[in-house]
Asker: 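Here's a structure for you.
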There are 2 protein chains.
Amino acid sequence: MPDQHSLEETERATQERVGRLAVDFPAAHAIMSLYRAANAARSHLTNTVLRPHDLTWTGFLVMWLLWLWRSMETRHVAESVGISKATLTGVTKTLVARGLIDRVPSAVDRRLVSLQLSDKGEELMAELYPEFNRAEAELVAGIPGADITTLTESLRHIVTVAEEHDPTT
Amino acid sequence: MPDQHSLEETERATQERVGRLAVDFPAAHAIMSLYRAANAARSHLTNTVLRPHDLTWTGFLVMWLLWLWRSMETRHVAESVGISKATLTGVTKTLVARGLIDRVPSAVDRRLVSLQLSDKGEELMAELYPEFNRAEAELVAGIPGADITTLTESLRHIVTVAEEHDPTT
DNA sequence: GTGTTACTGTTCGGGCCCGAACGATTGCCA
DNA sequence: TGGCAATCGTTCGGGCCCGAACAGTAACAC
């Protein structure tokens with residue numbers, strides 16, 4: 001129940017506010033829906049799958065990457081997850097403290113640090129991922145297969161545009 | 001630049017990890033793309049449009065709601081923005097301190113508090129929204145119109161499923 | 001009237017999140 | 001070989017974010 005107001009009411013109110021200015025409503029609805037959907041999906045997956053194991057969304061994403069690729073340098077982890085290196089430092093600290101991952105300093109370049117799952121972390125992911133994927137599937141069940149493909153392509157396009165226009169890149 | 005690895009490599013690594021178990025790859029890609037796209041869009045809009053005005057994403061969403069509907073009770077604001085009441089308390093405090101919004105206690109029910117924009121807040125939104133909408137439009141430019149509609153519908157569907165399955169609702 | 005129950009917004013503790021500044025390390029090149 | 005720019009991960013300060021616990025208020029049964 002995100003809104004008390006219908007789309008039509010929102011559009012009318014918006015148009016009233018901006019006066020004669022043109023408003024791109026499809027774009028506005030798409031971006032707002034995007035943000036709401038991501039939040040709802042994250043909350044749902046966190047509450048139903050992750051919280052029972054006392055795992056954070058971001059913590060899970062980090063572990064998922066390490067599970068797939070066995071070992072990754074921290075800067076690549078941060079970029080893949082979509083968080084800053086500063087944030088990853090904190091998340092890493094939490095996961096290391098729980099004994100789920102290990103930090104492995106590079107022997108050849110002393111600036112670099114790699115991360116990898118501990119045995120305990122491996123076990124947790126092997127148990128958790130199938131459950132997580134089932135919950136993901138539930139979220140998109142009901143959407144026609146072709147639309148899921150279109151959805152994913154559109155989302156990737158947005159990522160591309162947002163990141164190439166970003167001055168920090 | 002999100003990934004060092006291609007989709008195909010990721011699927012192969014995932015399949016190797018889960019063994020003979022079935023994995024819903026389209027669902028996994030959709031959910032991950034959803035989260036990345038939302039983050040990228042939020043970061044982009046924050047950095048290009050909001051930051052110059054020293055506004056937070058969440059703070060902007062709150063002000064946008066109040067701009068449209070003139071006045072809203074806090075619980076409805078929190079629900080519409082998709083944050084908890086606890087979070088809204090902090091965001092409200094920040095915006096009030098900057099003189100952008102006002103708190104208006106209800107006369108009939110002393111538990112309720114409404115929010116509304118100050119004159120300063122009205123001016124800021126009138127200036128900011130057209131700029132914000134332009135940036136939104138840029139993000140979805142390049143996606144065919146029909147696909148934008150499909151995108152928005154799919155996203156709303158995900159919101160519905162996620163929130164109805166949520167025990168907190 | 002008076003429990004009792006439900007609902008409001010707030011506070012608290014802890015984790016995530018970022019940009020900016022920083023010390024350490026490396027590579028390049030003059 | 002020595003200086004210098006680039007890159008690494010960390011730290012710092014401040015804001016967002018949530019669930020749980022809470023005090024205040026309202027509604028309702030009895």
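By convention in this document, chain letters (A, B, ...) are assigned in the order of the sequence lines, proteins followed by strands, and residues within each chain are numbered from 1. These numbers come from a predicted model, not from an experiment.
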Asker: Looking at His157(B), is its backbone amide N or carbonyl O close enough to the side chain of Glu153(B) to form a donor-acceptor pair, meaning the two atoms are under 3.5 Å apart?
Answerer: no

Asker: Quick check against the 3.5 Å criterion: does Lys93(B) have a side-chain atom that pairs as donor or acceptor with the backbone of Leu88(B)?
Answerer: no

Asker: Rounded to whole Å, please give me the gap between CD1 in Ile83(A) and P in dC17(D).
Answerer: 16 Å

Asker: Assert yes or no for the condition that the ring centre distance of Trp64(A) to Phe132(A) is strictly below 6.0 Å.
Answerer: no

Asker: Check every strand shown and say whether Val62(B) touches a base, only sugar-phosphate, or nothing at a heavy-atom separation below 4.0 Å.
Answerer: nothing

Asker: Could you tell me the separation between the CG atom of Asp109(B) and the C1' atom of dA6(C), rounded to a whole number of Å?
Answerer: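 Spelled out: CG on Asp109(B) to C1' on dA6(C) is 12 Å.
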
Asker: Rounded to the nearest Å, what distance is computed from the CD atom of residue Glu79(B) to the P atom of nucleotide dC17(D)?
Answerer: 16 Å

Asker: Side-chain donor-acceptor pair under 3.5 Å between Thr87(B) and Ser84(B), yes or no?
Answerer: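 Indeed, the side chains of Thr87(B) and Ser84(B) share at least one donor-acceptor pair under 3.5 Å.
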
Asker: What does nucleotides 6-15 of chain D look like as a protein-contact string, B for base, S for sugar-phosphate only, - for none, at under 4.0 angstrom between heavy atoms?
Answerer: BBSBBB----

Asker: Do the side-chain N and O atoms of Tyr129(B) and Arg17(A) include a donor-acceptor pair separated by under 3.5 angstrom?
Answerer: no

Asker: Would you mind reading off the distance between Met63(B) atom CE and dC16(D) atom P, rounded to a whole angstrom?
Answerer: 13 Å

Asker: Calculate the interatomic distance between Arg42(B) atom CZ and dC16(C) atom P; express it in whole Å.
Answerer: 16 Å

Asker: Between dC16(D), dT26(C), dG19(C), spot the one nearest the side chain of Asn47(B), thanks.
Answerer: dG19(C)

Asker: Can a salt bridge be assigned to the pair Glu163(B) and Arg36(A) using a cut-off of 4.0 Å between side-chain N and carboxylate O?
Answerer: yes

Asker: Rounding to a whole Å, what distance do you find between Met72(B):CE and dG9(C):P?
Answerer: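 Nearest whole value for this atom pair: 11 Å.
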
Asker: Distance check needed: dC16(C) C1' versus Leu95(A) CG, whole Å only.
Answerer: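 In whole Å, dC16(C) C1' lies 12 Å from Leu95(A) CG.
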
Asker: Provide, to the nearest angstrom, the distance between the CG atom belonging to Asp54(B) and the P atom belonging to dA20(C).
Answerer: 12 Å

